Amino acid sequence: MLDRTGAPIINDADFTQNGARVDHLLVAEMVAPGSRVLDVGCGDGELLRLLETRGVDGRGIEISRQGVNLSVAKGLAVVQGDADTDLADYPDNAFDYVIMSQTIQATRHPRVVLEHMLRIGRHGIVSIPNFGHWSIRLGLLFGGRMPRTNNLPNTWYDTQNIHFCTIKDFRDLCEDVGAKMERSVAVNYWGKRLRLPAPWWFWNLFGEQGVFLLSRRD
Amino acid sequence: MAEVELKTSRGTTERVREAENPHSLVAHFGADKPLKLDAGVDLSPFQIAYQTYGTLNAGRTNAILICHALTGDQHVNNVHPLTGKPGWWDIMIGSGKLIDTDRYFVICSNVVGGCMGSTGPSSIDPKTGEPWGLSFPVVTIRDMVRAQAMLIDHLGIDTLFAVVGGSMGGMQVLQWAASYPERMFAALPIACATRHSAQNIAFHEVGRQAVMADPEWRGGRYLVEGTAPRRGLAVARMAAHITYLSDAALHRKFGRKFQDRNSATFSFDADFEVESYLRHQGSSFVERFDANSYLYLTRAMDYFDLAADYDGVLAHAFRGTKTRFCVVSFTSDWLFPTVESRAIVHALNAGSARVSFAEITTDKGHDAFLLDEPELFAIMRGFLGAASAARGLR
């Protein structure tokens with residue numbers, strides 16, 4: 001995802017050999033082929049393009065015009081807009097999946113955004129940077145400063161990520177808004193998923209990112 | 001067409017000739033092909049003046065229709081026959097340019113109701129042998145688009161690659177998308193809306209009243225009576241021109257600078273540069289534009305309300321469309337502000353259309369679509385490039 005000026009918020013150096021980002025592949029494998037997808041905060045459109053190669057009918061929202069330009073030039077249908085204000089305009093059940101890849105922590109009202117996601121889509125897919133990761137805990141404990149990592153390189157005063165949470169926190173929010181977690185995947189420092197059926201505290205400590213497939217608990 | 005004796009000045013004579021026998025291609029539609037107007041009458045016979053650039057490919061798939069704005073015309077990429085100035089979108093269209101005439105077959109036609117060769121109020125009414133004047137039926141944006149579709153038929157083109165336009169041209173693009181979705185692959189409406197706002201109708205009414213208050217207007221019979229409502233039309237143009245710019249752009253360009261003087265003259269001369277500029281805009285406009293056409297075309301924009309044709313639900317206008325859209329607005333456009341474009345996007349989304357949208361940051365106001373605006377060019381280039389690849393164009 002890009003910030004308002006078009007600069008990347010996440011410096012994700014984790015690419016697979018065919019050039020796709022690891023977190024994109026994780027998201028993509030949660031999406032059923034042939035479905036309709038809205039990618040909120042689609043950045044340069046790479047995830048949408050990956051999904052469209054898999055027969056998905058994709059749409060995007062992106063706040064930076066550079067991101068919009070890059071996406072449109074790839075033939076994607078991307079609207080310049082702001083998740084905080086524009087999701088309200090989308091009709092109920094318009095999509096099979098609404099995706100927020102590393103975006104929700106940059107919104108002003110993550111709870112409202114999450115509720116809109118689950119209203120607009122039958123499913124939501126959210127990936128978050130996990131602030132409960134051990135390195136961040138240690139950074140704050142021993143450094144005494146807001147942690148900065150490879151994935152979260154900005155200082156507290158110029159980061160676009162204004163609503164950090166841990167995997168546990170996000171699980172609580174899902175409870176509150178009545179979202180069911182259908183699948184959860186945590187990714188460690190090296191971009192490898194934590195496969196073991198581990199307890200939540202383990203994921204919260206060792207997962208650098210969490211990726212969640214959500215649905216409404218009707 | 002009947003020759004009539006008109007007591008007119010040389011400039012007017014040229015304009016009247018341009019209305020009948022324009023310096024462009026003309027498609028004639030006889031009694032067998034009337035234009036069925038929203039007003040409930042048939043316009044017949046009628047003609048559409050148009051220009052083309054580039055070559056239609058063998059598959060007839062590379063045609064782009066450009067829709068012009070209120071005071072534009074078909075001379076989009078050639079020297080204007082009345083003003084001698086370059087085409088109004090030379091910056092966008094041409095060999096090697098963004099809309100590349102080496103790749104695309106570009107068509108632009110004068111709208112019905114216009115004054116550059118398509119049938120309008122300054123054309124001769126065959127029943128009377130005199131210019132139509134106010135007896136010309138009121139036309140709508142949909143009528144303009146119907147006429148364009150007839151022209152496209154006439155040219156043997158089934159499906160346009162793209163329909164592109166700004167302002168009133170953008171309204172036509174949206175009407176095309178609603179009326180003929182299967183006849184266009186891509187739509188690029190710029191700085192427009194699906195309906196004219198009360199404020200915009202109000203601006204237009206001021207302009208029309210300025211024309212009609214000019215004693216030389218003569219109830220619209222000025223061509224027959226040998227007069228010309230120059231002052232009224234110039235004032236209308238001056239007022240309208242302000243709405244095409246922005247506070248910031250006017251300030252940057254003129255500020256409070258004096259025109260050829262160092263201090264105020266304590267008179268009503270054009271002391272300020274901005275006054276002088278507007279007067280020039282007004283006086284040059286009347287040399288190339290017909291006052292009655294101005295009334296008719298502003299009226300057509302006022303009447304435009306796309307949702308009204310679909311039970312008030314805009315999304316129904318675009319339901320099931322396969323056309324891919326790229327909607328563009330400008331931050332400083334107060335005539336068609338971004339919220340209007342967002343309404344278009346909202347409706348297209350509700351209709352599951354394939355839509356992109358970009359709001360260009362500029363202080364140049366509504367007319368930014370006519371100017372060298374790199375961000376506009378960037379989004380258009382990306383959109384048309386990807387669309388032409390999807391369409392299988394080389």
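In what follows, chains carry the letters A, B, and so on, assigned in the order in which the sequence lines appear, proteins first and then strands, with residues in each chain numbered from 1. Just so you know, these numbers come straight off a predicted model, no measurement behind them.
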For the atom pair OG (Ser329(B)) and CD (Gln80(A)), what is the distance rounded to the nearest 0.5 Å? 7.5 Å
Within a radius of less than 6.0 Å around CZ of Arg195(B), do more than 12 heavy atoms belonging to other residues, nucleotides or ligands occur? no
Shortest non-hydrogen contact from Asn349(B) to Tyr90(A)? ND2-OH, 3.2 Å
For atom NZ of Lys168(A), decide whether the heavy atoms of other residues, nucleotides or ligands shown that lie under 6.0 angstrom number more than 12. no
Above 12 or not: heavy atoms from other molecules or residues under 6.0 Å from CG of Asp172(A)? yes
May I ask you to name which of Ala73(A), Ala94(A), Gly81(A) has the most heavy-atom pairs under 4.5 Å with chain B? Ala73(A)
Find the one option among Ala389(B), Ser352(B), Ala390(B) whose heavy-atom pairs under 4.5 Å with chain A are most numerous. Ser352(B)
Neighbours of chain B found in residues 52-61 of chain A - heavy atoms under 4.5 Å: Glu52(A), Asp57(A), Gly58(A), Arg59(A)
So, using ring-ring contact (aromatic ring centres under 6.0 Å, His included) as the criterion, who are the partners of Phe105(B) when residues are at least two apart? none
Find the one option among Ala315(B), Ala350(B), Ser356(B), Gly385(B) whose heavy-atom pairs under 4.5 Å with chain A are most numerous. Ser356(B)
Residue Arg319(B) excluded, over 12 heavy atoms near CZ under 6.0 Å: no
Return the option, out of Ala387(B), Ala378(B), Cys326(B), Ala386(B), with the maximum number of heavy-atom pairs under 4.5 Å with chain A. Ala386(B)
Where does Arg354(B) contact chain A at under 4.5 Å (heavy atoms): side chain, backbone, both or neither? both
The single option from Asp89(A), Val79(A), Asp86(A) that satisfies side-chain contact (heavy atoms from CB on, under 4.5 Å) with His346(B) is Asp89(A)
Which region of Arg381(B), side chain (C-beta onward) or backbone (N, CA, C, O), has a non-hydrogen atom less than 4.5 Å from a non-hydrogen atom of chain A, or is it both or neither? neither
Side chain, backbone, both or neither: which part of Leu384(B) has a non-hydrogen atom closer than 4.5 Å to chain A? neither
